[in-house]
> 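Got a structure for you, written out below as structure tokens; questions coming shortly.
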Amino acid sequence: MTDVIENTNEKTNLADPKLREMIDPILAANQELPGATMVVLNEIQRTVGYVSPEIQQYVAYRLGVPVSVVHGVVSFYSFFTTQPRGKHTVKFCLGTACYVGGTPQIIEKAKQITGIEPGKTTANGNLTLEVCRCVGACSQAPVVVIDDVIQGRVRPNRFPQLIRSIQEEGKA
Ligand code: FES
């Protein structure tokens with residue numbers, strides 16, 4: 001799910017000075033490069049951990065590009081998140097082979113046992129659910145990626161067992 005951004009509400013500064021301390025050097029180092037928008041957003045995702053609507057507006061202002069351009073990049077690439085990710089990330093592949101192979105049923109199971117939708121993080125910050133495009137393991141469809149480790153041929157009834165250790169950790 002993507003956040004709606006007001007194009008007219010230009011953000012000329014960031015409320016959190018710590019965020020500014022992290023983002024301003026990234027802008028200064030990259031804003032003259034060709035394709036600066038992508039480079040800057042990548043660096044912010046890597047350094048800050050997310051690119052919130054407020055950050056998107058600030059980057060657009062500083063780079064002199066429309067907010068819609070920045071928002072378009074952040075929405076298009078699943079690498080970007082608009083909120084901080086949890087300690088653990090579970091991604092559900094929605095490429096064709098996985099979709100046909102049963103990813104929607106696995107997502108339903110995941111929603112039931114975690115109480116959150118894809119794109120969200122549990123209240124304790126332990127787990128984020130996401131969807132992603134094909135990860136190149138179609139022969140093992142349906143695929144779930146848990147903390148960057150591919151799990152193949154996942155069945156909905158096997159899913160709780162796959163994330164049990166992550167859930168236990170969240171309760172500690
Ligand atoms: S479609 Fe899921 S790994 Fe290719």
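One-based numbering, in listed order, for ligands and for the atoms of each.
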> Could you pull out the closest heavy-atom pair between L129 and E117, with the gap in Å?
CB-O, 4.1 Å
> Can you tell me how far the CZ atom of R153 sits from the OG atom of S139, to the nearest 0.5 Å?
6.0 Å
> Under 3.5 Å, sequence neighbours excluded: what are the donor-acceptor pairs made by side chains of residues 20-32?
{"residue": "R20", "atom": "NH1", "partner": "N13", "partner atom": "OD1", "Å": "3.2"}
{"residue": "R20", "atom": "NH1", "partner": "L14", "partner atom": "O", "Å": "3.0"}
{"residue": "D24", "atom": "OD1", "partner": "Y58", "partner atom": "OH", "Å": "2.6"}
{"residue": "D24", "atom": "OD1", "partner": "R62", "partner atom": "NH1", "Å": "3.0"}
{"residue": "N30", "atom": "ND2", "partner": "I26", "partner atom": "O", "Å": "2.8"}

> Quick check: closest heavy atoms across P84 and T121, and the distance to 0.1 Å?
O-OG1, 3.6 Å
> For a side chain to side chain contact (heavy atoms under 4.5 Å, CB included) with H88, tell me which candidate from N126, T128, I163, T122 qualifies.
N126
> With 2.8 Å as the limit, jot down which protein N, O or S atoms are around atom 4 (Fe) of ligand 1.
C134 SG, C138 SG
> Ignoring hydrogens and angles, tell me if any N or O in the side chain of E130 forms a donor-acceptor pair with the backbone of T81 under 3.5 Å.
no
